[in-house]
2 protein chains.
Amino acid sequence: MYKIGELAQLCEIKTDTLRFYEKHGLLAPSSRTDAGYRIYTENDAARLRFILRAKAVGFTLNEITELLSIELDKSNWACADVKGLVDSKLEQVVARIAELNAFRSSLQNLSNACCGGPESAEHCSILDALETEQGLEKPLIKGVNHHNAIVKAER
Amino acid sequence: MYKIGELAQLCEIKTDTLRFYEKHGLLAPSSRTDAGYRIYTENDAARLRFILRAKAVGFTLNEITELLSIELDKSNWACADVKGLVDSKLEQVVARIAELNAFRSSLQNLSNACCGGPESAEHCSILDALETEQGLEKPLIKGVNHHNAIVKAER
DNA sequence: ATAAACCTTGGAGTTAAATCTAGGGTCAAG
DNA sequence: CTTGACCCTAGATTTAACTCCAAGGTTTAT
Ligand SMILES: [Zn+2]
Ligand SMILES: [Zn+2]
Ligand SMILES: [Zn+2]
Ligand SMILES: [Zn+2]
C-alpha cells in the first residue's frame, strides 16, 4: 500500500504524473482513505511499471491505454481479441527493433571510420559518411582514412 | 536539386516541416533561386533522411542537432570529439535496443499465454500476467492455462 | 495573359505529456 | 496545538514538434 508520494518516489516520477495518468484512465488507485488520499496497491505499482516500460520503449499513452483497456470489461473480450491486440503491439516492437538495429549499424560504421585521435576532424571520413549517407545502409568502403586508421566493414 | 515541395513529397513530410527544421538549425537548403525559392541538393536530401531515421528511432530534434552539429565548424573538432559523440549516441541506441528486447519478450510471453480462441478471455491468464507483471522480467510459469493452451516459456 | 499551382514570410494554433499554481485539508512530532 | 510535510482539486502554463493561416510574389500551362 503506497500513498501517492511514496509510489511516485519509488518509480521516480512526479505525483502530478500519477494524477495525470489517473485522469486519463491509465491507472487509478485501488482505493482512497477516508480523507480522500489515494492508496495504491502492489498491483497498481506493477501496472504503473508496465506503463513506464511501454512508454520508455516508445509507445504513446493512447497506445498503452489500448493495451490496458483489455481489463476494462474482460468479459466482453474473446481470447482472439486479446491475443490479436498483444500480437499487433508485438509486431510494432519488432519493427522498431529492426529500425534501431539499422541505425545502430549506421552509427557503428561512422564510429569505425574514425580513429578517435587528437588531430582535427576537418576532413575526417566520419563527416563524409554522415553527409553522404554512406554507411547508413551499406558499410563504408573498406579502406584507409585521412590519418591511416583502418576502416573495418562491419555487420 | 529539389524545390521544397519536391523534397517534401520525396520524404513524405510537409513543406512546413522542412521550414521548421531550417528555422531550428537542422537542415538549411544549400541555395536559393533569385526569387528566393529554397533549393535542396542531393546532399541535403541525404541529411534529411538521416534526420528522419534518427527521429524514427526515438531521438529528439535536440539530440539530432547535437549529432549534426559536428559539421558546423569541423575544424574545431578533434577526431576524439567526433568519435566520442557518435559513440555516446551509439550507447544510447544499444541501451534502447535492450529495453525494446525486454519489452518484446514480455509481450511475447503474454501472447504465448493465450490460446487466441473464441472463448471469453474473462479469466485468461494473459490478463493476470499483465496485472501482476508476471512475465515481464521472467517467463510465465510453464504450464496450462484455463482453456488448456500450452504456455511455452520463451527467450 | 490569366488561372492554377507553387513559393515566400511571420505569426498563430494544435497535440501530447507533463508540470506548476493557488487555495485549501490532513496528520504525526514536538 | 501548532508547525512542517503531505495530500486534495481545478485550472493555467510549459515544451516539443509540428501544422495551419494570411497576404502576397512566382511559374507554368493553356
Ligand atoms: Zn576521425
Ligand atoms: Zn582521426
Ligand atoms: Zn486467452
Ligand atoms: Zn483462450
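Letters A, B, ... mirror the listed sequences (proteins, then strands); counts begin at 1.
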message: Donor-acceptor check, side chain of A:D44 to backbone of A:T41, threshold 3.5 angstrom: yes or no?
response: yes

- prompt: Can you tell me how far P of D:dG25 sits from CG of B:D34, to the nearest Å?
  reply: 17 Å

query: Starting at NZ of A:K23 and ending at P of C:dC20, how long is that distance when rounded to a whole Å?
result: 15 Å

query: Once you round it to whole Å, what is the distance between P of C:dC6 and CG of B:L7?
result: 15 Å

- prompt: Which pairs count as ring pair (Phe, Tyr, Trp, His ring centres under 6.0 Å) when at least one residue sits in residues 58-94 of chain B, sequence neighbours excluded?
  reply: A:F103-B:F59

message: What is the distance, to the nearest angstrom, from the CG atom on B:L26 to the C1' atom on D:dA16?
response: 12 Å

message: Applying side chain to side chain donor-acceptor pair (under 3.5 Å), can you list everything that pairs with B:D81, at least two apart in sequence or on another chain?
response: none

task: Using modelled atom types only, decide if a donor and an acceptor are shared between the side chain of A:S111 and the backbone of A:L107 within a distance under 3.5 Å.
output: no

task: Could you check which of C:dT9, D:dT19, D:dT26 has an atom nearest any side-chain atom of B:R32?
output: C:dT9

I'd like a list of close polar pairs between nucleotides 15-17 of chain C and the protein, N/O only, cut-off under 3.5 Å.
| unit_1 | atom_1 | unit_2 | atom_2 | d |
| --- | --- | --- | --- | --- |
| C:dA17 | OP1 | A:L61 | N | 3.0 |

Nearest-angstrom distance from the residue atom CD1 of B:I39 to C1' of D:dT27: 13 Å

message: For residues 20-33 of chain A, which residue pairs pass the salt bridge (charged side-chain N to carboxylate O under 4.0 Å, His left out) check, not counting sequence neighbours?
response: A:E22-A:R32, A:E22-A:R38

Donor-acceptor contacts, no H, no angles, side chain residues 1-12 of chain A, under 3.5 Å, sequence neighbours left out:
| unit_1 | atom_1 | unit_2 | atom_2 | d |
| --- | --- | --- | --- | --- |
| A:Y2 | OH | A:E42 | OE1 | 2.5 |
| A:E6 | OE1 | A:K3 | N | 2.8 |

task: Quickly work out the B:E22 CD to D:dA17 P distance and round it to whole Å.
output: 18 Å

B:Y2 OH to C:dC6 C1', straight-line distance once rounded to whole Å: 18 Å

query: Would one find a side-chain N or O of B:T33 under 4.0 angstrom from OP1 or OP2 of D:dT26?
result: no

- prompt: Looking at residues at least two apart in the chain, or sitting in another chain, which of them share a salt bridge (Lys or Arg N to Asp or Glu O under 4.0 Å) with B:D16?
  reply: B:R19

message: What is the separation between atom CG on B:D16 and atom P on D:dC21, rounded to the nearest whole Å?
response: 10 Å

Under 3.5 Å, which N/O atoms of the protein pair with N/O atoms of nucleotides 3-7 of chain D?
| unit_1 | atom_1 | unit_2 | atom_2 | d |
| --- | --- | --- | --- | --- |
| D:dC7 | OP1 | A:G5 | N | 3.0 |

message: Does anything in residues 60-69 of chain A form a salt bridge (charged side-chain N to carboxylate O under 4.0 Å, His left out)? List the pairs, not counting sequence neighbours.
response: A:E66-A:K89

Residue pairs, two or more places apart or on separate chains, that pass ring pair (Phe, Tyr, Trp, His ring centres under 6.0 Å) and touch residues 26-45 of chain A: none

